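See structure below.
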Amino acid sequence: MKNLKVVTRIAQKLQLQLDGETVVVSAVDAERRRAFFVSSENFLYSVDLPAPTQQSLQWSESTLDSDAEEVVLEPGDYIVAMDYLMEKESLLLGSSTGCLLLYNVDEKTTEVVGRLEGGVKTIASSPDGALISVTTGFGQLLIMTNDWEVLFETSLDPHCDLTGDINSPNGHIQSSISWRGDGKFFATLGGLEGSSQKLTIWERESGNIHSSSDTKAFIGASLDWMPSGAKVATAHDRKTEGKCPLIVFYEKNGLERSHFSIDEPAEAVIQALKWNCNSELLAALVSCGQYDVIKVWSCSNNHWYLKQELRYTKKEGVRFYWDQTKPMHLICWTLGGQVITHRFAWTTAVSETSIALVIDGSHVLVTPLSLGLMPPPMSLFHLTFPCAVNEVSFLSYNSKNHIAAYLSNGSLCVSVLPVADTWEEFEGSGISVDPCFSESTLNNYMHLTWIDTCTLIGICCRADAFSSTPMRSSEASSLLEKNDSPYFINEIELVCSEDSLLGSACSSGWQAKISKKMPLQAAVIGISQNPAKEGSAFIQLSGGRVVEYCSKVNLFRMSAPVQVSETGSDHTFPTSCPWMTAVQCHENGMVRTLLFGLDDSSKLHVGKRLLSSNCSSFTFYSSAYGAKEQVVTHLLVTTKQDLLFIVDISEILLKNGEVTTDSHIRSHPRGKQSKEHITVWEKGAKLIGVLHGDEAAVIMQTTRGNLECIYPRKLVLVSIVQALVQGRFRDAFDMVRRHRIDFNMVVDYCGWKSFMKSAADFVKQVNNLSHITEFVCSIKNENVSSKLYETYISFPDHCATSVADTVNTHGLLSDNKVTSVLMAIRKALEVQVEESSSRELCILTTLARSEPPLLEEALNRIKVIRELELLGVDDARRKLYPSAEESLKHLLWLTEPEAVFNAALGLYDLNLSAIVALNSQKDPKEFLPFLKSLECLPPAIMKYTVDLRLGRYESALKNIVSAGDEYHEDCMKLLNANPQLFPLGLQLFTDPDKRHQILEAWGDQLSEEKCFADAAITYQCCSSYQKSLKAYRDCGDWRGVFTVAGLLKFKKEEILQLAHDLCDEFQALGKPGDAAKIALEYCSDVDRGVGYFITAREWEEALRVAYMHSRQDLVDTVRDAALECSALLISEYQEGLLKVGKYLARYVAVRQRRLSLAAKLQSEDRFMDVEDDSISEVSTSFSEMSAYTTRSTKESSASVISSSASKSRGARRQKKGGKIRAGSPGEEMALVEHLKGMSLTSGALTELKSLLVVLIQLGREETARQVQLAGDNFEVSQRAAVKLAEDTVSNDKIDENAHTLENYVKMLRAHQSADSETTCWRIKALSPPWTGVYSNSHEHAEC
């Protein structure tokens, strides 16, 4: 679905030497882009063609700079054929008398290389330039080399003697030659004019005939072999049948393949056929009665479409050829020396409203893609015009569709169709469209564009075509050239003189008037309507410059429609972009216009910004539903790698540089799936349109012509989100079902709490109980949508919150997503939907699918139905409900039968339980005895038994208590088996004896659980003091023990004995401090108490007690113990200091070796180009190498395989502890952890400070200073070693001068504060001179 559009038309003229001189033959030098023309007076003109990369094309009709050289021939002789020989960089000329001349273009010399009898007819060199084929007027074919060696000579038709018919009345012989693209074969046509001929296929090497066709009425000069080699195009004359000529295609074997008619009168003659260089377009020069016309066809779906028709007068005598390197460039030249270059471009035939308008000659095939996909040549209906259509412009406004068509005869046709939804009545019909009445013909129009419903603008190529006065304004004057320009932008006003009926097409009575015109300074590449302003359009000039045309203010102005990330006055494309589209988008709540352009090198631009460097097609999608502003939300791009990207417009506005496509192509090769793009299923398929809004469809066309419709997940989700935000639950739900999106999307996007408020609207809009039931069964108690679709769309912040169960202030489980949503649906069903069997089943579904299932409530509803059935009620309301059996089966189908049976038991309804068991296919031998045994029990015991079975212990306790005192023993067993019931048991019983029994049982339970403190208090509540005493002793609470002893009224001797026993117990338990307090307070044993304090290293307290009792001997004992402890600590600190230095040195050595090994591995060339997976394997294996391990990289795979086993062994070694093994994989980190573990604990620091204080108090200041110095050196060195290890473990380099223990010790001493936790144990009076940092600090603070 594409149309061929003329992008530029450049007309230039040769300066011929003589009056009456005409151009007769042309040739092209494709390598140096030169064209050669020979005139009737034997003048040779050489001109340079525009370079392919030339941007600025001057539109003024100018005279071509050409070199003219006269070719000297015999009088009466003239040039009839010419071809450029690339190998010799010369022209081979053939004259009417048979003279072959070689003209050197650079040296401008002529050489006669041969002479042929009968004159030269055609000259054609092979594609590789190695061979030259020539036909003569006698029907002879010559194949020669570049050195003029004749390989073979034969008749064009060996089966017929052409030379014998030359002197006949119709003795003029026509001939033509065409080579296949690879040069292995060539085809010829030759014979008397008007006679039947054969198409002959020749072999290059042998000169033998490969094949030939049947004798047909070929038109002799019309022959061209498709460059791809698939088929040969010829023309058949059918004047004898009174029909127009046919274009017929033959295969290499000479068999006819296909054909089509040119749709011209029978008198028309096809003078030439030419394929373009990529075999996509076929052009034919057709001579009609009043004019000559160049027709351009393309093929799709085995149908040939006439896409362009260029008319010329008979007097002009037009000829043409395709550019040999640029397939969309057609060069025409006339007898008078005018050279016209047409540059074509394919444009999508699908409008922004998804209406396809495919040009096919005098028909425009119309198909609204929203109604169905009909690949051309099929269509819903077609518009018929008086002659071929060259260009179509479309505008949709206020439910009307305006179509303007520019015809090949210069006429303009307009048709207004009703809204596309009513077009089904036009199916299969044709609507005739009459030309607009106009005072003048609109010659050579291009870029026809609607700017409002009554105005068109277009580019006209003739300055004298109209007599209207040009516009004048200050800004327009700046664009005028000093010389008159023949190219204008014309504004056409349209008026319809006929009234159209509502719902019908208006295709006649239109009048066109040229209201304004303005000259242009450069070639126009494209025009795009400004969607933000009526009567305005963006015009792209050659080179990419963009101006804005404003009709109402009569001026041109420079515009900045494509400003995205830059400011300034120059907002143009960096190069000419034949495919240009202006769209509206939202930015920060404002509507702005963006201008996108795609150039010939597949670069997609928005202004000067490059979006993609390999774009093959692009289009836009709008998720807006029913919006007045046509605002697009997504850009769709296909790449040359056949990948489809969907990019948010917001990303384009926010990001700088290229947008996603190129980077993702590099990181995701073809064949690897990615959520960032969609792999196009067929190579070469391109975007032709989209279905906006809820349809969210992307339509692509393959190279064969088939249409394919896909629904990208990203666009579908965007449409669903749009519908949800707008509250259109029915549309959103339909899209979710149609595209198989998770139903949780409906609930999760706006939040399930928000959905609960809209549940009534949801039920009302969906209005389909089957669909609601399907929805209910799919709800899950987690945010499913954000996990599944977070890569496609962004979710609001509330979607990230957990939907886990939480308890509200009333203690009810109300924040459960599934239960809450289904409750809201259930309430909405009861209010919005009339009572019916389906509604009741849907309500049962909501109950069964709740988490946890509300089976008891569901069974209660079924129970009500069953009771109505048992009562025999037969009213109208009863008939609205399903039967109890149907409801029960529905419930059993949704839930586990065992759970339903237990729920029925929980209702204490044995009959209902039996019905459930029967319908769930339980074995009667299993449930009937059980139910009968329950039926025989008293009601309270029956309920108690059921509750025990169902694990409802609280209810069971209540029921067993209500059964009476004879079941008190069972009650106690239940309490002992379920300790959590003790609080409820105390609440249910009021009898003091039973309460004491429960409390004592509870205390026993707590004692078994080792909760001795709680057990002691519980025992005291029931006056069980002996058990309380034991519990206090078990938990080590000696104060509680003596308190309870007092409650038990122990005698003094018993308390003393108890104290001695506790002293021994606490000493054995490692609590000498508590033992000392008991000895002093209850035993009055000072010696024993001081001894316990010394054992606990509570030096200050031991000294205080000794002086309190005036015991000098105990003071001496404390002094001796303190001195002994001091000597021991000094030794330990000195030994620890040596270990710190040893371990740190070992760590530094290990780290340096590991870093050197890593540098060696990285320097090897084999690791420079490895893939990501290999790199990860190398890094994994390297991380498990020891610094003492030497191995080659060949062992890396084995190390990777054994990595999991190594980790397991390392975990086992870590659990076992032990030494750090040299060479082990975890040696480095183990050394760091060991250094950290050598730090002094808070308890050790407290004991150390207490020791220092006592030593000073006892007059041992020097000993205290030595202890503090030793402890300080060890503590600072340990922290410095840990700091050094932490700094180097994450660093790739170790500085031998900076990373030393001495430097780090100095650094820590310089930065440590006297009030910090690390210095709080030190005595300032004992500090050495280098710790002067403490001198200005506050008084020592207690730790």
Side-chain angles (χ1 to χ4, degrees), residues 805 811-813 816 819 844 847-867 884-885 887-989 994 997-998 1001-1002 1005 1008:
D805 300 343
L812 299 177
L813 192 64
N816 180 290
T819 301
L844 290 176
L847 294 169
R849 287 295 182 181
S850 298
E851 291 186 2
L854 304 177
L855 296 178
E856 292 187 359
E857 187 176 345
L859 288 172
N860 281 327
R861 299 182 72 95
I862 297 175
K863 189 175 180 180
V864 172
I865 299 174
R866 177 172 169 271
E867 290 174 352
E885 183 180 0
S887 302
L888 186 58
K889 288 182 177 180
H890 182 75
L891 187 63
L892 289 169
W893 177 73
L894 292 170
T895 317
E896 288 292 332
E898 189 65 28
V900 180
F901 178 74
N902 291 335
L905 281 177
L907 296 176
Y908 310 121
D909 189 334
L910 301 181
N911 292 328
L912 182 61
S913 301
I915 296 174
V916 172
L918 288 173
N919 283 278
S920 60
Q921 298 181 351
K922 275 181 170 292
D923 188 356
K925 295 180 181 179
E926 295 180 2
F927 68 86
L928 282 180
F930 173 68
L931 294 179
K932 287 181 179 180
S933 64
L934 291 177
E935 191 175 11
C936 298
L937 296 174
I941 301 303
M942 183 269 288
K943 294 179 180 179
Y944 165 75
T945 306
V946 170
D947 290 336
L948 284 182
R949 174 186 173 92
L950 301 180
R952 302 189 302 188
Y953 299 112
E954 291 187 5
S955 177
L957 180 60
K958 294 178 182 178
N959 287 323
I960 196 64
V961 170
S962 65
D965 294 340
E966 60 270 21
Y967 296 101
H968 183 69
E969 184 178 351
D970 294 331
C971 176
M972 293 306 299
K973 291 180 180 179
L974 179 62
L975 288 172
N976 290 324
N978 301 278
Q980 73 275 12
L981 297 178
F982 280 112
L984 178 61
L986 292 174
Q987 182 181 356
L988 294 176
F989 286 99
K994 292 181 178 179
Q997 186 180 0
I998 293 174
W1002 195 358
Q1005 180 68 33
E1008 292 178 3

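Just so it is clear, the model here is predicted, and its values are computed rather than measured. We're numbering straight along the sequence, starting at 1.
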### Task
Supply the atom-to-atom distance Leu974 CG to His968 NE2, rounded to the nearest 0.5 angstrom.
12.0 Å
### Query
Taking the side chain as C-beta and beyond, is there a heavy-atom pair between Leu892 and Leu888 under 4.5 Å?
yes
### Query
If you look at every heavy atom in Ile998 and Gly985, which pair is closest and at what distance?
CD1-O, 3.9 Å
#### Entry: Test applied, side-chain contact (heavy atoms from CB on, under 4.5 Å); reference residue, Leu859; option that passes from Val900, Leu854, Asp909
Val900
### Task
State, with a plain yes or no, whether a side-chain heavy atom of Leu855 is found less than 4.5 Å away from one of Asn902.
no
## Note on the structure
CG (Leu910) and CZ (Phe930) are apart, to the nearest 0.5 Å, by 8.5 Å
### Query
So, for Ala884 and Ile862, which heavy atoms are closest and what is the spacing to 0.1 Å?
O-CG2, 3.9 Å
### Query
Less than 4.0 Å between a side-chain N and a carboxylate O, is that true for Arg861 and Glu857?
no
### Residue pair Glu898 / Lys922, side-chain heavy-atom distance below 4.5 Å
yes
### Query
Between Phe982 and Trp1002, how do the two ring planes meet: parallel, tilted or perpendicular, split at 30° and 60°?
parallel
### Query
Rounded to the nearest 0.5 Å, what separation is found between the NZ atom of Lys863 and the OG atom of Ser887?
15.5 Å
#### Entry: All salt bridge (charged side-chain N to carboxylate O under 4.0 Å, His left out) counterparts of Lys958, not counting sequence neighbours
none
Listed pairs under 3.5 Å, donor-acceptor, residues 940-950 side chains, sequence neighbours left out:
unit_1 : atom_1 : unit_2 : atom_2 : d
Thr945 : OG1    : Ile941 : O      : 2.7
Asp947 : OD1    : Tyr908 : OH     : 2.8
Asp947 : OD1    : Arg952 : NE     : 3.2
Asp947 : OD1    : Arg952 : NH2    : 2.9
Asp947 : OD2    : Tyr908 : OH     : 3.2
Asp947 : OD2    : Ser955 : OG     : 2.7
Asp947 : OD2    : Ala956 : N      : 3.4
Asp947 : OD2    : Asn959 : ND2    : 2.6

### For Leu891 against Ala848, the heavy-atom pair lying closest together
CD1-CB, 3.7 Å
### Query
Does CD in Gln980 sit with more than 12 non-hydrogen atoms of other residues, nucleotides or ligands closer than 6.0 Å?
yes
### Task
Rounded to the nearest 0.5 Å, what's the gap from CZ on Phe901 to CG on Asn919? Could you check?
12.5 Å
### Residue pair Leu957, Val961: steps toward the side-chain contact (heavy atoms from CB on, under 4.5 Å) verdict
CA-CA 6 Å; Leu957 180 60; Val961 170; 4.1 Å; yes
#### Entry: Distance in Å, Cys971 SG paired with Leu988 CG, rounded so as to fall on 0.5 Å steps
8.0 Å
#### Entry: Distance (rounded to the nearest 0.5 Å) between Tyr953 OH and Leu981 CG
9.0 Å
### Message
Taking Thr819's backbone N and O only, do any of them form a donor-acceptor pair with Asn816's side chain (distance below 3.5 Å, no angle check)?
### Response
yes
### Summary
In short, Ile915 meets Arg866 closest at the heavy-atom pair CD1-NE, 3.0 Å
### Task
Using a 4.5 Å cut-off on heavy atoms from C-beta on, say whether the side chain of Gln1005 contacts that of Leu975.
no
### Query
Is the CD atom of Glu935 crowded by more than 12 outside heavy atoms at less than 6.0 Å?
no
